[in-house]
Student: 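Questions regarding the structure given below will be posed in turn.
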Amino acid sequence: MNWEQRIDEALKDRQSQGLMRQRAAVSAGAGRWLESESGRWRNFAGNDYLGLARHPKVIAAWQAGAARYGTGSGGSGHVVGYSEAHRRLEQALAEWAGYPRALLFISGYAANQAVITALAGAKDALVADRLSHASLLEAANLAPGRLRRFLHNDIESLKRQLSRGCSGLQMVVTEGIFSMDGDSAPLAEIARIADETGALLLVDDAHGAGAVGDAGRGSCAMQHIRPDILVITFGKAFGVSGAAVLCSTRLGDYFLQFARHLIYSTAMPPAQAEAISAALAIVRSDEGNTLRALLQARIEHFRAGAAPLAWRLSPSVSAIQPLIVGDNHRTLALSDALRKKGVWTVPIRPPTVQSGSARLRITLSAAHTPADINMLLEALHACSR
Ligand SMILES: *Cc1c(COP(=O)(O)O)cnc(C)c1O
């Protein structure tokens, strides 16, 4: 078999299983509306949970940042790419989240890869929730050391995996709010067990940071824990892009020496750091509280209206509200039918989720109006008949 045959075969395989992934170019993708050449839909597919991607203050901060610093950072942070804008943002993040240190990364994917591969040695065990995001599981798979998955949000399973032990050190990995299910991890219990066994705890709160908790501090603050490593991302509730790792001074020093994604990669543009700073100021303000309360009202509205539907709702109190359909083709057909009714949701199929659990990933935002939620519910009820 040559390369061409191998690639053709892989594509045909995807196609026949109804698993072909498709992109569509949009003119607006974040916020209330999804717009493209072919039409305009109510957008229930984005991660712009607070509607900050179009906030005038965030846009203005990015523009002013570009005027002041130029468009690119000019290099890795270890060379010339670390600006005053980056430093200001890191200090504000650390103070807001209650950690000695914050380090910026270009994406959550890079942050997770960097942290896990910088820490894990050959004798270590990485004990991760089996539904953890691909960026966490892939990093744990590629890193030296052993990946052990525990059953989703199952404390007994976590204990069993940790009690197997290893000749090195152990790290527990989980998410605050799970990206494909929208449910929350039992963080207080997980933190207690990690502490008892001397394991380091990493929590990826990509979907909680900004969206939940006092001043938007996220899932960990809400459950009163402070993991050794907290990863937050800025492409979701912050409405921008990028990520930060919050940790102790010593761990921060270690990552600056050993996290390859910080050393061999161009730092985020300073203007982007300015935009994230503006988003953080909103997240922690009264306006942030108002936006989070709006989001909660939309979530409750949706769940009350969707409860009578035939499809199973995930036990989620977050902005992520998946409807579990099961079959790949039926999930695609439902998403197509909704699009004809002016509603955009994303069908999620294996291997992103377990086989037989294909779903519509519906995401809600403070940018939605009650009328938007009613329209979504009416479309779903019409399609279920
Ligand atoms: C989105 C997401 C990431 C990746 O973050 P990016 O900044 O988009 O690369 C990592 N972890 C979780 C749980 C996510 O949902």
Side-chain angles (χ1 to χ4, degrees), residues 21 23 29-30 45-50 52-53 58 89 93 102-117 126 128-143 147 149 152-153 171-185 187 190 201-213 216 218-220 222 227 229-246 259-262 265-269 272-273 275-276 279-280 283 314 316 318-322 346 348 351-353 359 361-365:
R21 296 166 190 264
R23 299 187 307 176
N47 295 328
D48 181 22
Y49 303 136
L50 298 182
L52 294 187
V58 180
L89 173 57
L93 286 166
L103 291 174
L104 295 174
F105 285 81
I106 196 70
S107 73
Y109 204 101
N112 285 335
Q113 300 273 317
V115 163
I116 289 176
T117 53
L126 297 157
D129 188 292
R130 65 193 292 269
L131 295 191
S132 296
H133 191 261
S135 58
L136 293 164
L137 292 178
E138 189 191 81
N141 249 323
L142 295 177
L147 167 61
R149 301 169 192 228
H152 178 51
N153 282 347
M171 188 190 322
V172 174
V173 174
T174 191
E175 289 181 30
I177 292 170
F178 284 83
S179 50
M180 292 302 142
D181 292 74
D183 56 346
S184 307
L187 292 173
I190 290 173
L201 175 60
L202 184 165
V203 175
D204 174 347
D205 201 24
H207 297 281
V212 302
S219 307
C220 295
M222 230 174 133
I229 300 168
L230 171 62
V231 177
I232 64 173
T233 69
F234 305 120
K236 281 133 191 176
F238 282 72
V240 189
S241 187
V245 170
L246 293 133
R260 304 172 69 79
H261 298 67
L262 285 181
S265 186
T266 303
M268 74 167 60
Q272 184 182 336
I276 298 167
L280 174 63
V283 157
S314 163
S316 160
S318 73
I320 304 164
Q321 292 290 332
V346 171
I348 307 278
T352 307
V353 294
R359 64 198 61 190
R361 185 171 180 273
I362 294 169
T363 50
L364 305 176
S365 167

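Everything quoted here is computed from the prediction, not taken from an experiment. We count ligands from 1, going down the list as the structure has it; atoms in each ligand are counted the same way.
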Student: For atom 1 (C) of ligand 1, what's the nearest protein heavy-atom neighbour? Residue, atom name and distance, please.
Tutor: K236 NZ, 1.4 Å

Student: Heavy atom under 4.0 Å from ligand 1: found in S179's side chain, backbone, both, or neither?
Tutor: side chain

Student: Run the numbers for me: atoms of ligand 1, each under 4.0 Å from some heavy atom of S107, listed by number.
Tutor: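 Answer for ligand 1: 7 (O), 9 (O).
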
Student: Would you confirm whether S241, through its side chain, and G235, through its main-chain N or O, come within 3.5 Å as a donor-acceptor pair?
Tutor: no

Student: Is the shortest heavy-atom distance from the side chain of Q272 to the side chain of F234 under 4.5 Å?
Tutor: no

Student: Checking side-chain contact (heavy atoms from CB on, under 4.5 Å) against P227, which of V203, D205, T174 comes through?
Tutor: V203

Student: Show the nearest heavy-atom pair for residues E175 and S179, with the distance to one decimal.
Tutor: OE1-N, 3.3 Å

Student: Does E175, backbone or side chain, put an N or O under 3.5 Å from an N or O of ligand 1?
Tutor: no

Student: How close does the nearest protein non-hydrogen atom get to atom 11 (N) of ligand 1, and which residue and atom is it?
Tutor: D204 OD2, 2.5 Å

Student: Do D183 and H152 have side-chain N/O donor and acceptor atoms under 3.5 Å apart?
Tutor: yes

Student: Provide, to 0.1 Å, the distance between atom 15 (O) of ligand 1 and the closest protein heavy atom, together with that atom's residue and name.
Tutor: H207 NE2, 2.5 Å

Student: Main chain of A53, side chain of D48: is a donor-acceptor contact present, judged purely on distance under 3.5 Å?
Tutor: yes

Student: Quick one: which ligand 1 atoms are inside 4.0 Å of a heavy atom on S135?
Tutor: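 Counting from 1, the qualifying ligand atoms are 10 (C), 11 (N).
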
Student: G108 heavy atoms, cut-off 4.0 Å: which ligand 1 atoms fall inside?
Tutor: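 With G108 as reference, the close atoms of ligand 1 come out as 4 (C), 5 (O), 6 (P), 7 (O), 9 (O).
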
Student: We want to know whether S314 and S316 form a side-chain donor-acceptor pair, criterion being a heavy-atom distance below 3.5 angstrom.
Tutor: no

Student: With distance as the sole test, does T363 use its side chain to make a donor-acceptor pair with the main-chain N or O of G46 at under 3.5 Å?
Tutor: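 Flag set: sc T363 to bb G46 pair under 3.5 Å.
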
Student: I'd like to check which ligand 1 atoms, numbered from 1 as shown, lie under 4.0 Å from a non-hydrogen atom of Y109.
Tutor: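 Near Y109, the atoms of ligand 1 are 4 (C), 5 (O), 6 (P), 9 (O).
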
Student: Taking non-hydrogen atoms only, is N112 closer than 4.0 angstrom to ligand 1 via side chain, backbone, both or neither?
Tutor: side chain

Student: So for ligand 1, is T233 a polar contact partner (N or O within less than 3.5 Å, distance only)?
Tutor: no

